[in-house]
Amino acid sequence: MRIAVSYDYGQIAPRFSADQRFKVYDVSNNCVGHQSVVSTIGDNDTAARALSTLGVDTLICGSIRDSAKNALSNAGITLCSGVSGPADAAVKSFLTGNIRADDSRDGDRDRTNGRDRRHRDEGWRG
């Protein structure tokens, strides 16, 4: 499995952008192995294709526009959006099941403030 995180100086970037850096994690047997930082330049489709070409299965990011969601979906990349905090900690949290893909998180959203109830106590914000 390969996970990418929208990356800004050790933190999850607050907004997904096609012109940004991503930290890419190789994961085997639920353990993080090789890590690298890559940059993309272009539009959402270009970024999605670049991540797909790198073999990324899952993207963890902050806020994201619908057009970028669609581009990632079309590239076969699972999305975990609305996440903030340290990138490395978010990947560990994803691997332990505390962060889930967007389509399975909707039922756990607090509709009044948009925050994910599961992560509020851990400092994760949606």
What distance do [X] atom [atom1] and [Y] atom [atom2] have between them, rounded to the nearest 0.5 Å?
X: Leu59; Y: Ile3; atom1: CG; atom2: CD1; result: 10.5 Å
X: Ser28; Y: His34; atom1: OG; atom2: NE2; result: 14.0 Å
X: Ser73; Y: Asp66; atom1: OG; atom2: CG; result: 11.5 Å
X: Arg49; Y: Asn44; atom1: CZ; atom2: CG; result: 10.5 Å
X: Asp8; Y: Gln20; atom1: CG; atom2: CD; result: 8.5 Å

Looking only at heavy atoms, which two atoms of [X] and [Y] are closest? And how far apart?
X: Ile99; Y: Cys80; result: CG2-CB, 4.0 Å
X: Leu54; Y: Val38; result: CD1-CG2, 3.8 Å
X: Ala90; Y: Ile60; result: O-CD1, 4.0 Å
X: Ala71; Y: Asp45; result: CB-OD1, 3.2 Å
X: Ile64; Y: Ser81; result: CG2-CB, 3.7 Å
X: Ser6; Y: Gly62; result: OG-N, 3.9 Å

> Got a sec, which pairs hit ring pair (Phe, Tyr, Trp, His ring centres under 6.0 Å) with one end in residues 11-30, sequence neighbours left out?
Replying inline: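 For residues 11-30, and leaving out neighbouring residues, the ring pair (Phe, Tyr, Trp, His ring centres under 6.0 Å) pairs sorted by first residue read Phe16-Phe22.
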
>> For Ser17 and Arg15: C-alpha separation, side-chain torsions, deciding distance, then whether side chain to side chain contact (heavy atoms under 4.5 Å, CB included) applies.
In response: CA-CA 6 Å; Ser17 169; Arg15 284 174 289 289; 6.0 Å; no

>> For a quick check under 3.5 Å, do Thr46 and Asp43 share a side-chain donor-acceptor pair by atom type?
In response: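 Per modelled atom types, Thr46 and Asp43 side chains form a pair under 3.5 Å.
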
> Do Ile77 and Tyr7 share a hydrophobic cluster (ILVMFWY, side-chain heavy atoms under 4.5 Å, transitive)?
Replying inline: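 Hydrophobic grouping puts Ile77 apart from Tyr7.
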
> Side-chain heavy atoms under 4.5 angstrom apart, residues restricted to Ile, Leu, Val, Met, Phe, Trp, Tyr: same cluster for Val37 and Phe94?
Replying inline: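 Different hydrophobic clusters.
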
> Do Asn30 side-chain atoms and Leu95 backbone N/O form a donor-acceptor pair below 3.5 Å?
Replying inline: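 Between the backbone of Leu95 and the side chain of Asn30 there is a qualifying donor-acceptor contact (under 3.5 Å).
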
> Under 3.5 Å, is there a donor-acceptor pair between the side chain of Asp57 and the main chain of Arg2?
Replying inline: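 At least one qualifying donor-acceptor pair exists.
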
